[in-house]
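Structure, as structure tokens:
Just so you know, ligand 1 is whichever comes first in the structure, and atom 1 is the first atom listed for that ligand. Values reported hereafter were calculated over all heavy atoms of this structure, with side chains retained and with hydrogens, waters and symmetry mates removed. Everything numeric in this text was worked out from a predicted model, so none of it was measured.
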Amino acid sequence: MRGKFINIEGLDGCGKSTQVKLLARWLRSKGCGVLITREPTKGHIGKIIEKFLTGKLKIPVAAEALLFAADRLQHFEDEIKPAVNSGKIVITDRYTPSSIAYQSARGLPVDWVRKINEKAPEPDLTVLIDTPVKVSLVRMNSSRRLDEFDRDLALQKKVRRTYLEISGFYKMKIIDGNRPIGEVQADIRKLVRRCCS
Ligand code: TYD
């Protein structure tokens, strides 16, 4: 039986990783096979991405976008597709909408970023955990190291705006992330139940 492919999107610090873990735990308790994965990946292309996110490598913004798109295709082929074909529920922390939102916030035309990502197959469900930029920045400061993109308030604002603008095109289900963890999780589970039944 074919599994499902679920993508969780949102600003850095929106609570994605906590929500992904809770969702996986719940699905496993129901007997589902689950694969948690993320972009950028830890693969060959993901390692180059890590270098420019941490400021060790400077490359043109368009080249960054091409690397994210390439990392995504490799991710789908090597990890997502085989797991879905073996009946698992794959939950990825970021996929195509991250590229549209972040790379367009860095100055690239939305249409071009969309175009270079056209070959990436669509998930069965995409959830956007929407949080005001200030909320996500406070959460980030308290929880982890900041990379190049995290630090930039103006960029994060553009990212949020673009996410909301493209939500229709990418059929994203928007959830208000500015609430207690349990309430956000309950809403995500409702969407997943609908998608998996
Ligand atoms: P993130 O999920 O925040 O990783 P970490 O938890 O290791 O910080 O992703 C790293 C950054 O990469 C984040 O700021 C968003 C950015 N990003 C893009 O700009 N484009 C993309 O296509 C993806 C997948 C991520």
Side-chain angles (χ1 to χ4, degrees), residues 5-21 23-24 36-80 90-123 126-131 133 135-163 165-166 169-170 172 177:
F5 173 23
I6 297 168
N7 172 29
I8 311 285
E9 292 283 344
L11 292 180
D12 304 286
C14 74
K16 273 182 294 102
S17 53
T18 305
Q19 295 298 339
V20 165
K21 273 187 220 136
L23 178 63
I36 297 181
T37 182
R38 50 164 291 121
E39 291 186 8
T41 69
K42 303 272 175 219
H44 294 293
I45 306 169
K47 285 198 181 112
I48 308 174
I49 293 174
E50 168 78 15
K51 287 204 177 117
F52 63 75
L53 284 177
T54 51
K56 288 184 201 119
L57 176 69
K58 286 263 177 284
I59 59 169
V61 178
E64 290 180 7
L66 291 165
L67 285 167
F68 278 115
D71 186 42
R72 181 159 302 126
L73 293 178
Q74 190 85 46
H75 184 205
F76 186 83
E77 222 37 49
D78 290 356
E79 296 180 65
I80 300 170
V90 176
I91 310 170
T92 183
D93 178 339
R94 299 192 179 285
Y95 195 64
T96 307
S98 282
S99 278
I100 317 295
Y102 283 82
Q103 275 57 65
S104 77
R106 288 178 48 77
L108 296 171
V110 166
D111 286 348
W112 183 74
V113 186
R114 190 179 279 164
K115 187 99 203 124
I116 60 169
N117 280 282
E118 259 174 21
K119 296 258 181 248
E122 260 186 52
T126 300
V127 178
L128 171 62
I129 303 176
D130 180 49
T131 41
V133 170
V135 170
S136 72
L137 284 180
V138 168
R139 288 186 190 164
M140 261 193 295
N141 280 324
S142 62
S143 69
R144 60 189 204 28
R145 71 171 174 83
L146 301 184
D147 63 38
E148 287 272 290
F149 295 1
D150 297 337
R151 271 184 267 269
D152 190 335
L153 179 67
L155 182 125
Q156 296 288 333
K157 283 191 175 155
K158 281 193 214 154
V159 171
R160 184 183 185 208
R161 199 183 329 123
T162 310
Y163 262 141
E165 279 167 11
I166 63 167
F169 186 89
Y170 287 102
M172 290 196 259

Within a distance under 4.0 Å of any heavy atom of Q103, pick out the atoms of ligand 1 and give their elements.
-> 18 (C), 19 (O), 20 (N), 21 (C), 22 (O)

Backbone, side chain, both or neither: what part of R94 comes under 4.0 angstrom of ligand 1, heavy atoms only?
-> side chain

Determine, considering heavy atoms only, which of R38, H75, Q156 sits nearest to atom 5 (P) of ligand 1.
-> R38

Ligand-residue contact atoms, ligand 1 with Y102, heavy atoms, under 4.0 Å | 14 (O), 15 (C), 18 (C), 19 (O)

With heavy atoms only and a cut-off of under 4.0 Å, state how D71 meets ligand 1: side chain, backbone, both or neither.
-> neither

Donor-acceptor contact below 3.5 Å, side chain R72 vs main chain P40 = no

Not counting sequence neighbours, which residues clear ring-ring contact (aromatic ring centres under 6.0 Å, His included) with Y163? List them please.
-> none

Determine, considering heavy atoms only, which of D12, T41, I49 sits nearest to atom 3 (O) of ligand 1.
-> D12

Quick one: does R106 get a heavy atom under 4.0 Å from ligand 1?
-> no

May I ask you to check whether Y95 and F5 place their ring centres under 6.0 Å from each other?
-> yes

Is the shortest side-chain N to carboxylate O distance from K47 to E50 below 4.0 Å?
-> no

Hey, are R94 and D12 close enough for a salt bridge, meaning a charged N less than 4.0 Å from a carboxylate O?
-> yes

Set of salt bridge (Lys or Arg N to Asp or Glu O under 4.0 Å) partners for K158, sequence neighbours left out = none

Ligand 1 versus R72: contacting region, heavy-atom distance under 4.0 Å | side chain

